Participant: 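Okay, handing you the structure first.
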Amino acid sequence: MSTSTQAPTPAGPDPAPRPAAAERGDSIGARALRAVLTQRITLLAVLIVVVVLSYVALDAGGYLTAPYDPDYLSASLINAVPLAMLALAELLVILSGRGGIDLSVGAIVALSGMVFGFMYGQWGWPLWLAVVATAGFGALCGALNGFLVAYIGFPALIATLATFYAFKSLAIVVNQQSPISTPPIQELYSLTRSVEIPVIGGQIPDVPLGIFTFLLPTVLIVWLLLARTTYGRRLYAVGTNDVASLWAGQPVRATRFGAYALAGLISGLVAVVTVAQFASARPDAGVSGNGMALPAITIAVLGGVAITGGIGRVAGVVLATLLIVWLNAGILLAFVGNEGSQYQLLALGVVLVAAALLNGFAGRRYGVAD
Amino acid sequence: MTTTAPPTSPRPTRRARVLPPPIAGQELVLVAVIALMWVVLALTTPAFASAGSIQPLLVATAPIALAGIGMTIVIITGGIDVSVGGMMMVCAVVTAKALVAFELALPLALGLSVAVGGLLGLVNGLLIAYGRVHAIIITFGTMNVFLFVGLQIFASRTVNGIPSTLQFFGRGVAGRTLGVPHAFVLTLLIAAIAWWYLRHTAGGRHFYAIGGDAQAARLAGIDVRGRILAAYVVTGLLVGLASCFLIAQGTSSLDQSVGNGKELAVIAAVVIGGTSIMGGRGSVLGTVLGALLVQTVTSGVTQLGWPSQLSDLFVGIFIIVAVGADLLRERARRRRLRAKGAAA
Amino acid sequence: MTSTVTSSRPGAGPDAPARLAMTGISKRFGAVRAIRQADLVVRPGTVHALVGENGAGKSTMIKILAGVETPDTGDIEVDGSPASIRGTSDALALGIATVYQEPQLFGELTVSENIFIGREVRRGARVDWAAQHAQVVDVLDLLGLPPRVATATVADLPIATQQQVSIAKALVGNARILILDEPSAILTDAEIDVLFTVVRRLVASGVSVIYISHRLDELFRIADEVTVMRDGATIGTYPIGDLTVRRVAELMVGGILTQEKAVRAPTQDTPALELSGLGRVGAFHDVDVAVRPGEVVGLYGLVGSGVSEIAACVYGIDRATSGTITLAGRQVRPKNPGHAKRLGIALLPANRKQEGMFSFQSIAFNISAGHLDRLSKAGFWVDRAAERTVARDLIKRLAVKTPSEKQAIGAMSGGNAQKVVLARQLVSRPEVLVLAEPTQGVDIGAKEEIHKIIAELAAEGTAVLVVTSDLPEALRVADRLVVVRGGTTTVEFGPDATQVDVLAAAAGHDDPSDASDPEQDS
Amino acid sequence: TKKNDSSSYGGAPATGAATSASAGGGAKAKVAFVPKLQGIPYFEAMNAGGKKAAEEMGTIEWLYQGPTQADAAAQADIVRSFIQQKVDAIIVAPNDPDSMAPLLKQAKDAGISVATSDTDAPNSVREVFVNQATAQGIGEGLTDSLLEAMGDKGTYAIVSCGQTAENLNAWIKVQRDYTAKKYPQAKIVDVVYAGEDQAKATQMATDLMNAHPDLTGLVGECTSSAPGVAQAVKDAGKIGKVFTVGLGTPQSMKPYLTDGSSSASILWDVENLGYLTAWTGAQLAEGKTLAAKNKVNDKLPDVAFDSATKMLLLGPALEITKDNVDQFNY
Ligand SMILES: Nc1ncnc2c1ncn2[C@@H]1O[C@H](COP(=O)(O)OP(=O)(O)OP(=O)(O)O)[C@@H](O)[C@H]1O
Ligand SMILES: Nc1ncnc2c1ncn2[C@@H]1O[C@H](COP(=O)(O)OP(=O)(O)OP(=O)(O)O)[C@@H](O)[C@H]1O
Ligand SMILES: [Mg+2]
Ligand SMILES: [Mg+2]
């Protein structure tokens with residue numbers, strides 16, 4: 001999907017005055033190189049093509065243990081759903097500036113997942129009500145972060161580190177560390193199955209339903225919110241310079257607060273996705289292993305969201321998710337045994353560092369602020 | 001350019017205090033809170049106040065406190081290092097494997113671990129100082145790379161039969177002299193050196209200056225890159241030492257969960273200790289106290305017989321309270337300044 | 001085309017070798033040719049002023065000298081021998097000390113530490129705090145600051161004192177060339193006097209001072225020679241005796257300035273904005289000002305007199321603790337800037353970079369920020385067509401130099417950026433427009449244009465309150481001028497006030513109203 | 001482009017895979033095993049056993065791939081990639097049985113035989129559960145070994161690992177019930193969770209000893225806490241006063257069994273479990289049905305299969321002590 005017409009962010013098509021001579025004199029090749037090097041979205045798009053083509057080539061050469069085909073790519077998208085959604089949550093809070101970050105999204109997923117488990121799995125609430133209430137509960141958790149950060153003045157890293165610990169602990173304690181997987185919860189798995197897309201579905205692989213029910217709506221809404229609404233403008237303004245935003249008469253605190261609450265809301269939705277995907281509400285979903293927060297932040301950053309706030313686009317986050325998901329899916333086919341999971345770590349680390357360094361270097365080289 | 005003190009400064013009478021007080025508000029508050037918790041725990045549990053409880057508690061505090069000292073310096077410079085967990089894994093597995101294979105003597109084992117840590121810190125430092133990319137991004141990346149390296153060295157096996165060489169820093173009798181745990185003493189010693197260095201040497205003050213305003217620091221002729229590099233290398237060295245403590249506190253085998261999640265634990269200790277995440281302000285003493293506080297909470301919850309998972313909730317609350325108190329103090333300071341401005 | 005100059009100052013004879021000779025200096029930033037073949041010759045024991053419009057290359061020139069930037073071409077000689085300045089420490093070693101345009105201080109460190117940062121006095125491994133302290137106390141004394149300032153944490157000090165600390169920093173050590181880049185911008189007149197005294201003392205002891213300022217009148221109090229820069233090139237060097245303010249300004253812009261003042265009459269008698277007995281504890285008290293529609297009132301006060309705080313109060317940034325604010329007969333209490341705006345007040349913040357600009361956002365974004373309720377459907381959906389139209393209109397009206405409204409404001413020159421921030425205040429025609437330091441750091445050309453816009457706004461019936469510490473500007477734009485001293489409004493002047501009268505009223509005759517009381521540390 | 005044949009609802013279940021392996025003769029059947037976590041001796045020993053089976057039987061190709069964290073999501077990815085590889089049988093030790101159930105269904109729909117091993121997913125379509133020992137057997141074995149050392153009475157505590165691990169929680173439940181029933185003079189005072197962190201398990205065991213000065217027993221419920229509790233007892237100088245047992249792998253427990261800080265480790269022959277797992281995979285892939293008693297190899301001559309619960313049982317739990325620890329090389 002392309003969201004390249006987003007208006008207020010100069011992170012993309014770069015509006016800085018450039019010498020006209022250099023512009024004209026450059027060959028098409030040089031300009032393309034420049035675009036790849038300085039624009040994160042172009043870089044990601046190129047990387048995705050390179051990754052997919054390399055695997056296809058490896059596949060043709062017989063180096064993979066299974067075909068790296070559209071079916072597999074499509075099936076692996078199921079991972080993209082929670083990852084991209086949480087990365088969008090991080091996009092919102094990182095955009096809000098002043099070191100915005102949310103370490104607690106994984107813990108909110110765990111806690112609101114348990115809440116969803118109670119409501120839908122045990123108390124027998126109707127699904128729509130349980131989903132809405134879970135999203136609301138997530139928003140409430142996010143609102144606590146937002147309150148601490150926007151109104152009390154906590155650095156975001158600290159506030160969300162604290163709530164990460166607190167929510168995680170509550171999620172485990174709330175049901176005596178047992179998951180909830182009553183029949184209604186188990187049946188939810190059908191929500192994440194793959195479906196045939198109408199009209200063109202015969203020609204292309206089936207796509208996990210979660211993409212349509214959760215991811216695309218979230219992507220679309222976040223994109224519209226950021227690119228088209230007054231709230232989005234305010235968020236970019238606050239993230240770019242909150243003092244100026246205040247002097248321009250904007251509600252700085254409420255705007256920043258909103259970013260955290262929205263991130264919580266998205267985390268609540270991810271909780272529903274996760275519960276459905278695993279057919280059980282697990283108290284450690286979102287915090288087990290390395291948790292969900294760190295990968296989400298990593299994806300956001302890889303997608304070009306500036307950690308200093310005010311710069312970042314939905315398209316970048318979506319492309320970064322696709323890149324990582326498809327890269328990882330291929331690695332599992334390229335390496336047998338335990339190596340596969342290990343090389344996924346290496347790939348994520350190297351891609352992140354390399355993309356950041358490359359953009360930084362190119363930005364300086366071409367005189368564009370990253 | 002070093003300016004020599006002019007001979008014409010005849011003011012030897014009263015040594016005016018030329019530096020801020022050595023112990024600031026946050027440390028005192030932490031000391032009070034920890035003291036209070038210890039008293040309460042001593043009264044409500046059968047054996048909290050016994051040597052058999054305090055000694056292991058101090059030992060368990062040591063690795064987090066030690067890595068926290070490095071992290072404090074990094075955060076003072078305005079950076080952060082989320083790769084310490086990955087570094088711990090690499091240092092620990094290399095050291096454990098070497099101990100098993102070569103029966104290394106204690107100093108050699110320490111040296112190896114510290115050297116490996118220093119090397120990983122150097123990687124971080126070079127990328128951050130010369131890549132001009134924010135530290136959190138770089139270390140998110142290197143975290144994954146270090147985990148990869150660690151897992152590769154583990155080669156899908158645990159390291160078994162680690163000799164007791166490192167027990168010098170363990171919980172057992174071998175880890176104590178006159179009842180005092182070596183690991184904690186060494187940590188305190190290093191904290192004291194770091195405190196002195198940060199407070200009294202030019203190099204130490206430069207860390208603060210860089211965290212305050214890196215650009216201005218560069219203009220002042222400070223070797224900003226060198227200092228930043230140093231901060232990450234020091235963190236690596238200390239993480240290397242902390243990894244030895246971890247091996248000593250574990251069992252005779254080492255598995256690949258070592259170091260998992262430690263980056264957040266270390267950051268928690270640092271922020272509870274009053275170091276500003278924005279850079280430019282912080283203290284290693286606070287960090288040691290912060291680590292001690294977290295360990296007291298964890299041990300306290302277990303010893304009280306409460307559900308062990310609750311300790312995370314308390315850690316979260318403590319972070320809020322500790323940093324909140326700091327915010328309030330800062331606000332009061334600004335109000336005082338305004339009032340003073342009004343009076344003048 | 002650099003004209004050679006001879007000075008008649010004693011102690012700096014024409015035969016003495018130049019303390020500093022920069023020749024053929026060029027520097028590009030990407031495609032911007034910041035400096036082109038510039039020459040600068042500074043003789044020992046003189047104050048050498050460097051003037052030029054914004055972006056003329058003054059700061060870049062001195063950054064090259066200070067080792068912050070390396071030139072693309074050109075040679076530097078210090079005391080007749082070639083110097084290679086590759087970094088700030090090289091410059092320091094050559095005895096070149098710099099006070100930068102933007103204060104370079106560390107808030108969490110003490111004044112003493114700040115002054116010696118990067119060149120600490122060491123005793124063994126540690127810093128010799130006592131020795132540093134002693135030197136710092138001496139220098140502070142020179143600047144009229146008490147010794148207790150030495151141990152204060154910089155963040156605890158008022159901004160003007162911080163600026164003096166920057167100067168103290170340059171004075172410590174044995175500088176042979178002292179560079180001051182717009183040091184006076186935020187100092188009170190009394191503090192400037194102290195600064196000039198110190199500068200003169202240094203010059204007398206043989207130090208060369210390079211002095212950059214946009215306040216041209218200052219040059220005639222302190223400079224021996226003036227080098228004018230335009231578009232990155234040095235136009236020429238002139239003895240101060242050959243120049244007048246007007247002449248300097250003409251050299252800077254390369255043309256002749258016209259200066260006429262329109263005479264206006266207020267369109268209504270009820271004030272659009274009236275402050276009466278307004279006060280805020282610790283900042284100001286009993287402030288009485290009234291601005292009628294179609295009138296430009298200047299609120300003039302030295303830095304620290306409370307002018308800026310008054311503006312912040314009117315705009316709801318701070319709350320007044322006494323007195324009233326009345327808008328067109330209706331008493332109001334602005335709670336925050338958003339509220340103030342809804343009440344019909346617009347304010348141009350004093351500090352463009354920090355309070356006004358969304359640097360890496362587009363011009364359109366910068367203009368529409370704060371007016372999204374108006375430029376949207378249902379207050380929620382941005383009306384991008386309306387936004388574009390408004391932005392293009394204002395760009396044209398204010399003659400902002402830009403290829404398109406999509407350009408990022410961060411890449412524009414100061415004057416153009418200031419116009420964009422000003423444009424934001426004009427999206428909806430405000431009843432009351434408060435302009436805080438509307439032309440701070442803006443070059444003469446842009447200044448003229450902004451003054452013209454102010455006049456136009458008044459002509460359209462807006463009540464304009466110009467809050468400024470730039471006296472010539474205050475006199476130039478205001479129909480009436482209210483002077484603030486010691487936190488309260490004092491005298492009011494009509495259109496025919498003279499600079500001398502106003503300054504005298506503002507500074508007071510007997511009591512030096514600044515904060516630097518020479519109280520001894522006990 | 002072809003349609004996903006791995007999707008859960010579409011694509012006629014391909015029965016071909018299983019038959020082709022047996023009919024085709026030349027091609028070996030692919031049997032994939034997904035452990036909870038890679039790199040721990042327990043599952044690596046299963047891997048070793050599986051490899052051995054593949055070598056000896058010669059009819060299967062043994063695939064082994066595990067996540068780096070004991071995480072249901074990461075495990076799901078790996079299962080998904082095996083489905084894509086169209087292996088003939090997938091055997092999983094699920095981190096979260098309920099989460100694994102739908103995936104196993106998906107695999108089965110794609111014509112792949114599915115089974116569980118080590119940990120069951122009872123509500124799934126798995127065809128067999130290869131059980132190392134019953135929960136009853138493990139829980140009772142742990143309790144008996146510990147209480148024997150403690151002299152049939154006293155208080156003890158449990159240091160468990162993941163808070164949500166199904167099988168650990170099931171064993172703990174058996175221990176609670178069995179202790180209450182069989183040893184009225186003994187009591188479990190606390191259960192704490194240390195995750196997979198050995199140092200944390202050790203510290204928690206230390207705290208437990210301090211919290212309960214009369215404590216005479218500790219159980220390490222998994223392979224990381226079993227040596228942890230023993231180390232804590234050793235560090236506290238309480239060998240002979242506080243007794244420990246646990247579910248530890250032999251080599252990691254050896255030093256503790258030797259110095260007496262651990263009385264026994266309850267386990268089973270993990271390599272044999274791996275062997276049995278691979279053998280089961282082969283049977284499934286070849287479409288054979290399991291008999292009530294199965295001869296797998298010389299070491300496993302008589303493996304019982306309960307067709308009602310579809311459970312294949314390795315045998316009784318094994319008590320590892322200092323006397324037999326050297327028989328195991330993992
Ligand atoms: N780091 C930089 N990157 C790109 N361009 C720069 C940089 N620094 C300065 N310039 C450009 O070089 C030119 C000269 O700038 P400089 O700051 O020297 O002007 P100045 O005379 O000091 O102006 P002012 O009076 O506003 O301080 C300007 O066009 C400026 O935009
Ligand atoms: N980082 C940059 N990259 C490219 N061009 C720049 C950059 N900074 C400034 N410029 C260009 O240099 C010119 C002058 O800008 P400059 O910042 O010098 O203005 P200024 O009047 O000196 O501002 P100030 O008074 O705030 O210092 C502008 O045309 C601007 O486009
Ligand atoms: Mg400039
Ligand atoms: Mg300048």
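Here is how names work: the chains are called A, B, and so on, in the same order as the sequence lines, proteins then strands, and each is numbered from 1. None of the values given here were measured: they were computed from a predicted structure.
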Participant: Let me know if B:I136 has heavy atoms under 4.5 Å from chain A in its side chain, its backbone, both or neither.
Facilitator: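 Just the side chain, heavy atoms under 4.5 Å.
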Participant: Please determine whether side-chain contact (heavy atoms from CB on, under 4.5 Å) holds for the pair A:L357 and B:I138, giving the CA-CA distance in whole Å, both sets of side-chain angles, and the decisive distance to 0.1 Å.
Facilitator: CA-CA 9 Å; A:L357 288 179; B:I138 293 291; 4.2 Å; yes
Participant: In terms of heavy-atom pairs under 4.5 Å, which option from A:S169, A:P155, A:G153, A:A166 contacts chain B the most?
Facilitator: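 Result: the option with the highest number of such pairs is A:S169.
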Participant: For A:I172, which atoms come within 4.5 Å of any heavy atom of chain B: side chain, backbone, both, or neither?
Facilitator: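 Side chain only.
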Participant: Give, as side chain, backbone, both or neither, the part of A:F167 having an atom under 4.5 angstrom from any heavy atom of chain B.
Facilitator: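 The answer is neither part of A:F167.
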Participant: Can you say whether B:I320 sits under 4.5 Å from chain A via the side chain, the backbone, both, or neither, judging by heavy atoms?
Facilitator: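 Both parts, backbone and side chain.
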Participant: Who wins among B:G324, B:G316, B:A155 for the most heavy-atom pairs under 4.5 Å with chain A?
Facilitator: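 When all of B:G324, B:G316, B:A155 are compared, B:G316 has the most.
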Participant: Before you tell me yes or no, could you show the steps for A:Y343 and B:Q152 under side-chain contact (heavy atoms from CB on, under 4.5 Å), namely the whole-Å CA-CA distance, both residues' side-chain angles and the distance that decides it to 0.1 Å?
Facilitator: CA-CA 9 Å; A:Y343 274 95; B:Q152 287 280 306; 4.0 Å; yes
Participant: Checking heavy atoms, do the side chain of B:A265, its backbone, both or neither come under 4.5 Å from chain A?
Facilitator: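 Interface part for B:A265: both.
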Participant: What distance do A:Q176 atom CD and B:Q309 atom CD have between them, rounded to the nearest 0.5 Å?
Facilitator: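 That separation rounds to 9.5 Å.
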Participant: Specify the closest pair of heavy atoms between B:I319 and A:Y165, including all atoms of both residues, with the distance to one decimal.
Facilitator: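 Looks like CD1-CD1, 4.1 Å.
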Participant: From the options A:I158, A:I152, A:L161, select the one residue that forms a side chain to side chain contact (heavy atoms under 4.5 Å, CB included) with B:V323.
Facilitator: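 The residue from A:I158, A:I152, A:L161 that satisfies side chain to side chain contact (heavy atoms under 4.5 Å, CB included) with B:V323 turns out to be A:I158.
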Participant: Could you tell me which portion of A:V173 (side chain, backbone, both or neither) has an atom closer than 4.5 angstrom to a non-hydrogen atom of chain B?
Facilitator: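 For A:V173, the side chain is the part near chain B, not the backbone.
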Participant: With respect to chain A, which residue among B:F148, B:F318, B:F314 yields the maximal number of heavy-atom pairs within a distance under 4.5 Å?
Facilitator: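 The option with the most such pairs is B:F148.
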Participant: Picking from B:V145, B:N144, B:V149, what satisfies side chain to side chain contact (heavy atoms under 4.5 Å, CB included) with A:L346?
Facilitator: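 Looking at B:V145, B:N144, B:V149, the match for A:L346 under the side chain to side chain contact (heavy atoms under 4.5 Å, CB included) is B:V145.
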Participant: Show the nearest heavy-atom pair for residues B:F140 and A:L352, with the distance to one decimal.
Facilitator: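 Shortest heavy-atom contact: CB-CD2, 3.7 Å.
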Participant: State whether the number of non-hydrogen atoms from other residues, nucleotides or ligands found under 6.0 Å of A:F147 atom CZ is greater than 12.
Facilitator: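 Not more than 12 within 6.0 Å, no.
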Participant: Check whether A:L294 gets within reach of chain B through its side chain, its backbone, both or neither, counting any heavy atom under 4.5 Å.
Facilitator: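 It is both, since atoms from each part get that close.
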Participant: Between B:L147, B:I137, B:V82, which residue shows the highest count of heavy-atom pairs closer than 4.5 Å to chain A?
Facilitator: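 If we count pairs closer than 4.5 Å to chain A, B:I137 comes out on top.
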Participant: Counting heavy atoms not belonging to B:R225, are there more than 12 under 6.0 Å from its CZ?
Facilitator: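 For B:R225, atom CZ is crowded (more than 12 foreign heavy atoms under 6.0 Å).
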Participant: What part of B:I272 is in contact with chain A, defined as an atom under 4.5 angstrom from a non-hydrogen atom: side chain, backbone, both or neither?
Facilitator: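 B:I272 has no heavy atom closer than 4.5 Å to chain A.
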Participant: At a heavy-atom separation under 4.5 Å, does A:L302 approach chain B through its side chain, its backbone, both, or neither?
Facilitator: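 For A:L302, no heavy atom lies under 4.5 Å from chain B.
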Participant: Based on non-hydrogen pairs under 4.5 Å, which of B:I277, B:V271, B:L327 is most in contact with chain A?
Facilitator: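 Max contact count across the listed options: B:L327.
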Participant: When rounded to the nearest 0.5 angstrom, what distance separates CG in A:L157 from CE in B:M278?
Facilitator: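 One gets 10.0 Å once the value is rounded to the nearest 0.5 Å.
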